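As structure tokens, the structure follows; a few thoughts come after it.
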Amino acid sequence: MRQKLALKSGAAVPALLMLPNFAWMMCCSLDASAKSAVPVALSMAENASRIVALALPFFCSLNFKRGGSKAVLVGMGIALAVYYLAWARFFTGGGADALLSAPLLAIPSPLALAPVVFLLLSSYLMNSGWMLGVALCFGVLHVWGLSLTVV
């Protein structure tokens, strides 16, 4: 009888994404006087989708025995490596704001795109249409909001 390998919680997904963000919150100061070019409604929608995308995995299992799960894990690993590399560049570059949206390895805005790819791929391991929808929504809003700030 074949056993299925599954983690009972997808908590690893948001934990892996949030590690560098926690480091950023601890060591970098925020400019409270900075004005955002992103409309308030878009910012609120993006933040709401971010919260759901980071909370939903806690209620899902990760199944590594589905067909294609190894390829998905490789893709997630690559997305996470790009994400961590972009954060490492930011931290070693003195925390310059320009590094947050600068291309890396020919990937435009890796700090925006890599977590979206990671979340989209994780929805496959969770076998969750809800996670796929939330990740797509977050991806569209996150990239759209970033495009307004970079202009």
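Since the model is a prediction, treat every value here as computed from it, not as a measurement.
- Looking only at side-chain heavy atoms (C-beta outward), Leu125 and Asn63 stay at 4.5 Å or farther from each other.
- Heavy-atom minimum distance, Met131 versus Ala53: CE-O, 3.4 Å.
- Taking NE2 of His142 as the reference point, atom SG of Cys137 lies at 12.5 Å (rounded to 0.5 Å).
- With rounding to the nearest 0.5 Å, the separation of OG in Ser128 from CG in Leu62 is 10.5 Å.
- Within the 3.5 Å criterion, the main-chain N or O of Phe64 finds a donor-acceptor partner in the side chain of Ser69.
- Under a 3.5 Å cut-off, the side chain of Ser43 and the backbone N or O of Val40 do not form any donor-acceptor pair.
- Hydrophobic cluster membership differs between Ile51 and Val116, with clusters built from Ile, Leu, Val, Met, Phe, Trp and Tyr side chains linked at under 4.5 angstrom.
- For Asn47 and Arg50, the side-chain atoms include at least one donor-acceptor pair closer than 3.5 Å.
- Of the inter-residue distances, the one linking Tyr124 atom OH with Arg66 atom CZ reads 4.0 Å to the nearest 0.5 angstrom.
- Annotation for Phe58 and Pro14: closest pair CE1-CG, 3.6 Å, computed over non-hydrogen atoms.
- Taking hydrophobic clusters as Ile, Leu, Val, Met, Phe, Trp and Tyr residues chained together by side-chain heavy-atom distances below 4.5 Å, Leu119 shares a cluster with Trp130.
- The minimum heavy-atom distance linking Pro115 with Pro110 is given by the pair CD-O, 3.7 Å.
- By the neighbour-count criterion of 12 heavy atoms within 6.0 Å, atom CE of Met18 is densely surrounded, having more than that number from other residues, nucleotides or ligands.
- Put simply, CD1 on Ile78 and CG on Leu105 are 11.5 Å apart, with the number rounded to the nearest 0.5 Å.
- Taking the six-membered ring for Trp, Phe90 and Trp87 have ring centres closer than 6.0 Å.
- Shown here for Tyr83 and Ala114, the closest heavy-atom pair between the two residues is CB-CB, 3.7 Å.
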Determine whether Met126 and Leu132 satisfy the following criterion, side chain to side chain contact (heavy atoms under 4.5 Å, CB included), listing intermediate values before the conclusion.
CA-CA 9 Å; Met126 293 178 207; Leu132 177 62; over 6 Å; no
Verdict with reasoning, Leu120 to Leu136, per side chain to side chain contact (heavy atoms under 4.5 Å, CB included):
CA-CA 7 Å; Leu120 286 169; Leu136 282 171; 3.7 Å; yes
Show, in sequence, the C-alpha distance, side-chain angles and deciding distance for Leu19 and Tyr84, and conclude whether the side chain to side chain contact (heavy atoms under 4.5 Å, CB included) test is met.
CA-CA 9 Å; Leu19 283 173; Tyr84 285 167; 3.8 Å; yes
Would Leu73 and Leu121 count as a side chain to side chain contact (heavy atoms under 4.5 Å, CB included) here? Give the steps.
CA-CA 8 Å; Leu73 278 171; Leu121 290 172; over 6 Å; no
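- In this structure the side chain of Phe118 reaches within 4.5 angstrom of the side chain of Leu16, judged on heavy atoms.
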